[in-house]
Visitor: 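Quick one: the structure is below, and I'll ask about it shortly.
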Number of protein chains: 2
Amino acid sequence: MVKITDVARHAGVSPSTVSYVLSGKRSISEETRRRVGESIRELGYRPHAGARALASNRSNVLALVIPLRSGIHVPVVMQFAVSVVTTARRHDHDVLLLTQEEGEEGLRRVAGSSLVDALIVMDVQMRDARIPLLRTLDRPAVLIGFPAESAGLTCIDLDFKAAGEVCVDHLADLGHRCVGLIGSPSEVYERETGFAQRTADGFMAAARRYGLTSTLHPCEATPDAARAMVATLLDEHPDLTGVVVHNEPIVAPIVDAFRRAGRRVPDDLSVVAICPDELAEHAELPLTSVAIPAEEVGKRAVELLMEKLDGHEVPEATLLPPRLTQRASTAPHVNKV
Amino acid sequence: MVKITDVARHAGVSPSTVSYVLSGKRSISEETRRRVGESIRELGYRPHAGARALASNRSNVLALVIPLRSGIHVPVVMQFAVSVVTTARRHDHDVLLLTQEEGEEGLRRVAGSSLVDALIVMDVQMRDARIPLLRTLDRPAVLIGFPAESAGLTCIDLDFKAAGEVCVDHLADLGHRCVGLIGSPSEVYERETGFAQRTADGFMAAARRYGLTSTLHPCEATPDAARAMVATLLDEHPDLTGVVVHNEPIVAPIVDAFRRAGRRVPDDLSVVAICPDELAEHAELPLTSVAIPAEEVGKRAVELLMEKLDGHEVPEATLLPPRLTQRASTAPHVNKV
DNA sequence: CGCAAGAGTCGAAGCGCTTCGATTCTGCTC
DNA sequence: GAGCAGAATCGAAGCGCTTCGACTCTTGCG
């Protein structure tokens, strides 16, 4: 193994000079920088990560905790993880993957052993057992999602409340007067995962503001449940003409079920989805949708963490504004004769 | 920060004794072990990962390289990654996440800097640029998938050739005489990702053995492409009664398209999918399928790596036998009058 | 012309752990 | 009772790096 002393000897300087060339923490003459750089390349030198971590008290590794549970959409998690890794690399950091399953002890372990410098925690719940722990850790963290008590923590997410509102804005603009939200499985609400509740809040508030008739239904993420939900909905609200779907896996089945029930989309019924853009774009009928900006969230989360690691202050809450893209699943409401 | 000397002082022993208690590499009296254990708990001691890595030349971290490209099914990758993390933890290791994108330089970096002890590389292609590199690294690796030249490497995967055969066995047993394989997008074949080709080989070989009429079609992973494919297939092979689908995202669209084309499944046409079990189980019509054992592959990959890290010999090739589960999408072929 | 400030470099200490003898003590064997 | 094996423990070296203080030269300035 090539070590820093080998490089130093080869370049005719001291080890500390090599270190300073690498870190840029002290000024080095152009000439020395060049010679050292050449030696590094020639010898194929790579600093030993452990030694570096020990001496500098920085591992240059971030922990990413991903959720495993039902009711969350896997491709979104993946997209997010990839974005985190990519952005972290751009800041010269690597990413250690932890699963939700490891729980609090996992966080304690990687932080306590100085394996990681900072943490990103996904799928935060309203009363998340990890929150008090994170407050005690000496390492910065960024949460994806907002717990009930977020003061003192750094959180980021799509502004789901605004997303719910934007959907209603759009439907109301188109003249719809009776709208429904088909949401996540009820277990997601029960464990109080904030985002589902917040979407619903925004949806209801906006509907009230416009004076619309509105209805709210959790739904399991299976085609069968989707079909049943559509039947119930049409039965209970015969004059329903606008639907918001916030449940990725069943977006397509829902649309399909409405059609089979004799509702043309968008002629008789408008549908807005809250889901990743690709899903909306590649559906059989391209869907008007509010995007889940997984990539943006991942990138911003890492950037926030880097700021904190640099000792800078960052905003406690970052809410990304929703972006609604109109496609072929929504149309103006025309009163039947 | 609590360090080993603190624990040693607290327990009234030397630091080396604490170390040996932790590693078990030398015998320690019951009494000492107990006292040290208590001090560790009381002080909340966690060994510093970097210091440990430096002194022991082991980081207890594995690298996992995940693919990003089109044509691979995200949930399978995720399932696999989770299985790797879970199994690694069981062996007291953590997992560093790398993306394909980082390429060879990424592997070189994490191995060269001793950030990781070993590597798991997913989505290996027939002539993969990373193979020669892996051979030169001083760290053990396990590949998911088989490159063209696998001698000297440790590879593991589902036995896709056998999977292709098993599907044909099943259809032939049911009396089908004309069968088709709907495969991955042609780009997957073009970049010579082994698994697609091997499934096709197994399929064709078995069909030949049974004397069946057979046909082979790559297909893009979009519903539109699926529909078009079905039309082509029925046009070119009017007497087709058995289909194998090896392309996760369009399993459902394919079945749907056959139905719309007037073929009842399984009455007129039997369909076997090669896909994760959940996908097959939760389809509208539960599908007869050969499972992609992502979890098993992940677990085995880590176990192989652990063996190698312990200096043990392991088999170069591990081919997991396919498991076909009959569900509702296949039925005996009945000759029409 | 003298001195302060800054650029450029070096040496040595130290980060927290593991590991390799060395040492002591017990219990056997011949 | 000498000699030896093994159990239990300690001390010290060293893993490869960063960083701090000290040192030497230049420069610029009053």
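Labels below follow one simple rule: chain letters A, B, ... track the order of the sequence lines, proteins then strands, and each chain is numbered from 1. This one's a predicted model, so the numbers in the text were calculated from it and none came from an experiment.
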Visitor: Counting N and O atoms only, with roles assigned by atom type, does the side chain of B/Asp310 sit under 3.5 Å from a partner on the main chain of B/Glu307, one being a donor and the other an acceptor?
Guide: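 Such a contact is absent between B/Asp310 side chain and B/Glu307 backbone.
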Visitor: Just checking B/Thr32: base, sugar-phosphate only, or nothing, at a heavy-atom cut-off of under 4.0 Å?
Guide: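 Sugar-phosphate contact only - B/Thr32 comes under 4.0 Å of backbone atoms but never of a base.
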Visitor: What nucleic acid atoms does A/Ser16 come within less than 4.0 Å of, heavy atoms only: base, sugar-phosphate, or nothing?
Guide: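 A/Ser16: base contact, heavy atoms under 4.0 Å.
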Visitor: Do other residues, nucleotides or ligands put more than 12 heavy atoms under 6.0 Å from A/Glu313 CD?
Guide: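 Check fails, neighbour count at 12 or below.
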Visitor: Could you tell me the separation between the NZ atom of B/Lys25 and the P atom of C/dT18, rounded to a whole number of Å?
Guide: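 Those two atoms, NZ and P, are 8 Å apart.
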Visitor: What nucleotide among C/dC10, D/dT9, C/dC17 has an atom nearest to a side-chain atom of B/Thr17?
Guide: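 That would be D/dT9.
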Visitor: Just how far, in rounded Å, is P of C/dC20 from CG of B/Asn57?
Guide: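 So the two atoms are 12 Å apart, to the nearest Å.
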Visitor: Under 4.0 angstrom, heavy atoms only, what part of the nucleic acid is B/Ser27 near: base, sugar-phosphate, or nothing?
Guide: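 It contacts base atoms.
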Visitor: If I take atom CD1 in residue B/Ile28 and atom P in nucleotide D/dC10, what distance separates them, rounded to the nearest angstrom?
Guide: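 Roughly 8 Å, once rounded to whole Å.
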Visitor: Is A/Glu101 paired with B/Arg89 through a side-chain N to carboxylate O contact shorter than 4.0 Å?
Guide: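 A/Glu101 and B/Arg89: not salt-bridged.
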Visitor: Check if the side chain of A/Tyr20 and the base of D/dC20 share a donor-acceptor pair of N or O atoms closer than 3.5 Å.
Guide: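 Check passes, donor-acceptor contact within cut-off.
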Visitor: So, B/Thr17 and B/Ser14: side-chain donor and acceptor under 3.5 Å apart, yes or no?
Guide: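 Yes - a donor-acceptor pair under 3.5 Å links their side chains.
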Visitor: Does B/Arg26 contact D/dT9 through a side-chain donor or acceptor facing the base, at a distance under 3.5 Å?
Guide: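 A donor-acceptor contact between them is present.
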Visitor: Nearest to the B/His48 side chain among C/dG16, D/dA8, C/dT9, which nucleotide is it?
Guide: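 Between C/dG16, D/dA8, C/dT9, the one nearest the side chain of B/His48 would be C/dG16.
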